[in-house]
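Presented below is the structure to which this report refers.
Just so we're on the same page: letters track the sequence lines, and every chain starts at 1.
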Number of protein chains: 2
Amino acid sequence: MTKRNPNLSSLKPTYLFPEINQRKLHYLAQHPQAKLISLGIGDTTEPIAPYTVEGLVTGASRLGTREGYTGYSSEQGMPLLREKIAETIYHNSVKAQEIFISDGAKCDIGRLQALFGCGVSIAVQDPAYPVYVEGSLIHGVKKIEYMPCTPQNDFFPDLQALPPVDLIYFCSPNNPTGAVATKDQLTELVRYAQKKHAIIIYDAAYAHYIQDLSLPRSIYEIDGAREVAIEIGSFSKIAGFTGVRLGWSVIPQELLFEDGTPVIRDWNRLTATIFNGASNIAQLGGIAALEPQGIAEMRTLVQFYLENARLIQNGLKTLPVTVYGGTNAPYVWIHCKGKKSWDVFQNLLEQVQIICTPGSGFGPAGEEFIRLSAFGKRDQILEAVNRMQNFKL
Amino acid sequence: MTKRNPNLSSLKPTYLFPEINQRKLHYLAQHPQAKLISLGIGDTTEPIAPYTVEGLVTGASRLGTREGYTGYSSEQGMPLLREKIAETIYHNSVKAQEIFISDGAKCDIGRLQALFGCGVSIAVQDPAYPVYVEGSLIHGVKKIEYMPCTPQNDFFPDLQALPPVDLIYFCSPNNPTGAVATKDQLTELVRYAQKKHAIIIYDAAYAHYIQDLSLPRSIYEIDGAREVAIEIGSFSKIAGFTGVRLGWSVIPQELLFEDGTPVIRDWNRLTATIFNGASNIAQLGGIAALEPQGIAEMRTLVQFYLENARLIQNGLKTLPVTVYGGTNAPYVWIHCKGKKSWDVFQNLLEQVQIICTPGSGFGPAGEEFIRLSAFGKRDQILEAVNRMQNFKL
């Protein structure tokens, strides 16, 4: 009989967010009247803005016409969308042909893990988005180094302490801590990768939540990054496309494997073989989002969620906790000294019917922390802040 | 420096269809006035029908409203879509919870390959859709058995000659041969898998091109298949969704690994970790396609492409070739005795400016064959048939 893939059996039985959902459903079964507020998973709640949604609607409509119908689009994405990302997001510091359109950052991280295979060693920030580690385990990776990122080191890892690795996952603005790496810190990271011949997988899904213009929005703002870094981007949190599914990855032509093969060549081969492009409707929505009116809409949406984050930060002032993040990021990272993350999760649920994400779900260094997401409807955020005034840690 | 993944370097440099495209572009560069007709890649050309496209348009529009907006949908797919597939496609012989919505069959095959990992041995029909072998190679599979499917064996493999394997990829109606397995043949396949403890990955992407009601449209029409088979389905060729991206996989609860773990459990874990669901707009389009008006539209579309296939079959009658498929399938499989596939490809391109797919691109047993796709606009199909009358093999 077919054996179970040991890479799957090595995982915890449940991915973090389904586990939170199970606990939520368990609580609701016992308290059917409870009015829960979810500040757990980072899921957008505001409608897609008019100009952008019109791009989606037109994209769908034209598929019903003889002139407008299109079948498969290129696995790499529509040329116009790739050009618009190169121009508006990267100010032409990367080329359109280096941008690969995906059905979202999470899915593309999975494909990148298939690209590098099971023989690589990886390093992740601790805490980190679970997909870096769990997706790597699914693809058979055996060597994983955790780089603690805590208030003590300003959420930037001690690279001197890191043993040699092939890939370094780095997320800024960080999920879950909300920390944003400075230009000096990213320069240190790029220099380290150059010196040690590592590849950085730079997750910039929240880049456009950065308001402080001195902070880099892309790893390619650092000299030399094109030789060492892949960058992942997403429309999910800036255009409300979590359900629409659209993102991209940048693979610069200068990025090479040890034998001199350009990484972009193997990536082209892999995506042509086991991917078939993002939905053409989503891509036409993405094109609209990158036109001037769409960009203005995205800015407004980002401001809305950042105002949520500010309200949450303020609401926490009376509690005996220390608050991080939430200024250039949609996540607020809360240190509840001496408390276990899952205990705080359960207390918040039972006392004030608020769902958070327990920090330990993001890695060992997340213990004693919880993450609150600023994605939510305004009345729910205000109500959550109100309820938290009565919360006893 | 990071080493290249040997699983990628083991592949031919180019996937089949991009290679065809390169040859096409090369020809066009030399003959800029040429009016090429592509019967190569199986890409839909008819607009999406009115009721179904309205599902997509409404699905997109509602994302712009406060009441209709939704963020992430479940990784497994929208419950209503899963129920509709269970009901209309499977007449409730599978449960909604066993159906997992994907962004298309090709992408889901890639994820299934990650599910089973590199330690499995596989068997594929020869010729076969290249993704079975190449996706397996990408995921590190080392043991691959080819099962010749030729006119001599009625395109059904000699299972007695097959060494033990973990997974058997089987596609019916077949891409590229257009052959459809009979109920007896599928029963033999299922009995073989039961006896030898193999798992069948049954690609039913073209199932609804079957017009002969005595031929099974699903592996689950065979008793016992639920214990041994995964089935893959797609909206691409029945609703014109090649660019929209929507499909599904069925993982029956009875399907177990050697240690008794249900395959569905690991599949849930994998999709939750490295997938984020198909586009919500595509899913709402899929729901419309499965309502009575949508189903009627799909039937009409299938008839249109099957009429194309009949026209191609007729058009080939004067040529010294033997023609297979094209009756319950959108592909016509043509034996050009004594000729190399790529030579026929090049001759067709140069003599009559028609693009086909060379059979050898689907595996060694495809040599001497070419595949013509019935997906195309009617005037183009008629013009192609006309041109072929002057074709010298």
Side chain, backbone, both or neither: which part of [X] has a non-hydrogen atom closer than 4.5 Å to chain A?
X	answer
B:V244	both
B:I199	both
B:P13	backbone
B:T44	both
B:T52	neither
B:T58	neither

key: Distance in Å, B:T2 OG1 paired with A:K196 NZ, rounded so as to fall on 0.5 Å steps   =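 Interatomic distance, B:T2 OG1 to A:K196 NZ, rounded to 0.5 Å: 13.5 Å.
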[X] vs [Y] side-chain heavy atoms within contact, under 4.5 Å:
X	Y	value
B:F257	A:M1	no
A:L115	B:N5	no
B:R245	A:D103	no

Keeping [X] on the side-chain end and [Y] on the backbone end, is there a donor-acceptor pair under 3.5 Å?
X	Y	answer
A:Y72	B:I41	no
B:R269	A:K12	yes
B:K106	A:A272	yes

Which residues satisfy the ring-ring contact (aromatic ring centres under 6.0 Å, His included) test with B:F362, sequence neighbours excluded?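 Expected list: none.
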With sequence neighbours left out, what residues match B:F275 under ring-ring contact (aromatic ring centres under 6.0 Å, His included)?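 Per chain and number, B:F275 pairs via ring-ring contact (aromatic ring centres under 6.0 Å, His included) with no residue.
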Checklist line | Largest heavy-atom contact set with chain A, pairs under 4.5 Å, which of B:F241, B:F17, B:F116 | finding: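 Winner by heavy-atom pair count: B:F116.
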salt_bridge(A:D266, B:R4) N-O dist < 4.0 Å: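 Answer for the salt bridge query: yes.
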